[in-house]
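The structure appears right after this line, and notes come after that.
Residues: numbered from 1 along the sequence shown. Remember, it's 1-based here, ligands and their atoms both numbered in the order they're listed.
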Amino acid sequence: MAQHQRQVACSIPVHPPAPPANVPLDVAVITRAAPTTGFLRILFLDKSTARTTVRKLKLVLCLSLVSAALSVGLCQPSLGQGDADLEAPGLAPFPTTLARGATLFQNVRIFDGKSAALSAPSNVLVKGNVIERISVDPITFETNANVHIIAANGRVLMPGLIDAHWHAFMAATPQMLLMTADSSYLHLLAARQAEATLMRGFTTVRDLGGPVFGLKRAIDEGIMLGPRIYPSGAFISQTSGHGDFRFLFEVPRTLGGPLSHSEVEGVAAIADSPDEVRLRAREQLRNGATQIKLMAGGGVASPHNPIESTQFTEAEIRAAVEAADNWGTYVTVHAYTPRAIRQAVAAGVKCIEHGQLIDEPTAKLLADKGIWWSLQPLLDDEDVPALSAESRKKALEVFAGTDNAYQLAKKHKVKTAFGTDVLFDARIASRQGAILAKMVRWYTPAEALKTATADNGELMALSGFIDPYPGKLGVVEEGALADLLLVDGNPLENIKLIEDPDEHFLVIMKDGTIYKNTVPK
Ligand SMILES: [Zn+2]
């Protein structure tokens, strides 16, 4: 993970860049990036004497290498990735990274993300960041091998959970704070929430709007703790659309004039023509978006658009679809009504967010075209945030459609993803697993867990060649990425176990690294 990132960041070494002035050597090869020390191990090859020298250099030197390489056009424009110096005084490396290596789960019953039943008692070997072997027979290894053994005593091993509709920047922070507080403070809050998200057993989130590129990078580098993030960057909205959070006095905008606050912060991007949508989509892709999120219809929390409204034109949405498609990825849209959904489908989007007000022919259309439906179990219950009277009225319309939406999704076998879309409320964010457990209103526990594991994993892979975490997510099978939970109890019998991850998730592993282990010794 971190290692991989850093090697990509300094992808100069296979070519011979000009070495720094004080290094009289011909070729520099970065052989290994130390994830927790901030040092790069650089192998210098001296052609004239055929000597090789291994030196540990502070990144300061790496940066001078990078700039030298840039001057001869050899380096990717990922300048500065991996430039955090974790050896700064007083900052110890995260102990969790020490647990990396090989881990053997002995005597587990597996929920593999797909099946309706648990496996026979099995053993699972994780090596590096992948599941290397699953066997009902004992797995042996050399006695001196560095393998961390977890005696699971018949407990259940399952894939890490995936939330397909999350907002890492906004889930737990009140809306008014988001609109007024210093942004550095808001990013720190988001980082705290990212750690809490991982500790709830959500090892991956698809982030559907908000400035999370820096957070994602810090997590991937091992600087902060959190889930894998598939970021959208800013959600793209038309003027007066669901992503237009400007104050009334900020309109009319002057073409070419300064951006509004939420645009500067990277929460929203306002666009009002195919050309503007294309530009804004490309900006997100440039910054690392793994998919593009458009607001294609009215929303609950936004003040200036009726829920019935259809947003953007087909040509505008298609501009984003083309930009995403050229990058190997896709567009997903916020849309509730049949009209908004149909326009987006006609424009080529591959995923619909929400859709609670859908009708049967439109649900069938999604099934026929193989379009993903990212649904949330939104109900008028304890997980409704404080809303204005106007928003509350719109929310009740959406809640009333939720039952029908899940029934239609099941009836027509639409590819259905699970997401929570928690906004502005730390208490509700803490119930991420409890929101998943509500799905038994429509599904068996195994089916509900499948949407949040194997099915969501399939949706993540839709990011194609720009997928930042290539490999299989959401399943327990040989070769898959090692995102695993060890559960005390059987969630297929009692899904309520996932409501209390502190108590019932004894091991949380992401990318082969153990972040929590409370298995009694
Ligand atoms: Zn959302």
Side-chain angles (χ1 to χ4, degrees), residues 162-175 178-179 186 190 193-194 197 202 204-212 215 227 229-238 241-245 262 265-270 284 289-303 305 307 309 311-312 320 330-337 340-341 344 349-357 372-379 383-387 391 394-395 397-399 401-402 405 416-426 428-429 431-432 435-436 452 456 459-460:
I162 302 173
D163 192 329
H165 193 131
W166 187 246
H167 297 275
F169 185 69
M170 299 182 281
T173 306
Q175 187 170 15
L178 285 166
M179 292 169 91
L186 298 174
Q193 181 54 217
T197 305
F202 283 83
T204 299
V205 299
R206 192 175 60 137
D207 192 285
L208 288 185
V212 297
L215 178 62
I229 298 180
Y230 283 81
S232 306
F235 39 64
I236 303 172
S237 167
Q238 68 165 65
H242 180 47
D244 181 355
F245 287 95
S262 65
E265 293 300 323
V267 174
I270 294 173
Q284 307 318 313
T290 51
Q291 66 284 322
I292 295 296
K293 162 86 175 293
L294 252 58
M295 300 302 197
V300 169
S302 48
N305 56 110
I307 195 109
S309 63
Q311 297 177 9
F312 285 125
Y330 66 99
V331 172
T332 187
V333 295
H334 163 107
Y336 286 115
T337 65
I341 294 168
V349 311
K350 290 197 178 154
C351 186
I352 303 291
E353 305 300 320
H354 318 308
Q356 272 84 352
L357 304 181
W372 280 90
W373 190 355
S374 171
L375 253 176
Q376 303 77 35
L378 302 176
L379 299 163
D383 297 327
V384 181
L387 293 167
S391 288
K394 295 201 272 188
E397 275 188 66
V398 169
F399 301 152
T402 299
T416 308
F418 163 79
T420 57
D421 196 19
V422 175
L423 284 168
F424 317 138
D425 194 308
I428 302 173
R431 289 180 41 79
Q432 200 173 8
I435 294 172
L436 173 56
N456 274 359
L459 173 58
M460 299 305 120

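Atom OD1 is the N/O/S atom of D421 found closest to the Zn ion (ligand 1).
Our summary of the site lists the angle at the Zn ion (ligand 1) between NE2 of H165 and NE2 of H167 as 100°, to the nearest 10 degrees.
H354 and Q376 share a donor-acceptor pair across their side chains, judged by distance under 3.5 Å alone.
Backbone or side-chain N, O or S atoms of E353 do not reach the Zn ion (ligand 1) at under 2.8 Å.
Contact record, F235 with G209: CD2-CA, 3.5 Å, taken as the closest heavy-atom pair.
Counting only distance, with no hydrogens or angles, the side chain of K394 and the backbone of G299 share a donor-acceptor pair below 3.5 Å. Put simply, the side chain of D244 never gets that close to the backbone of Q238: no donor and acceptor are under 3.5 Å apart.
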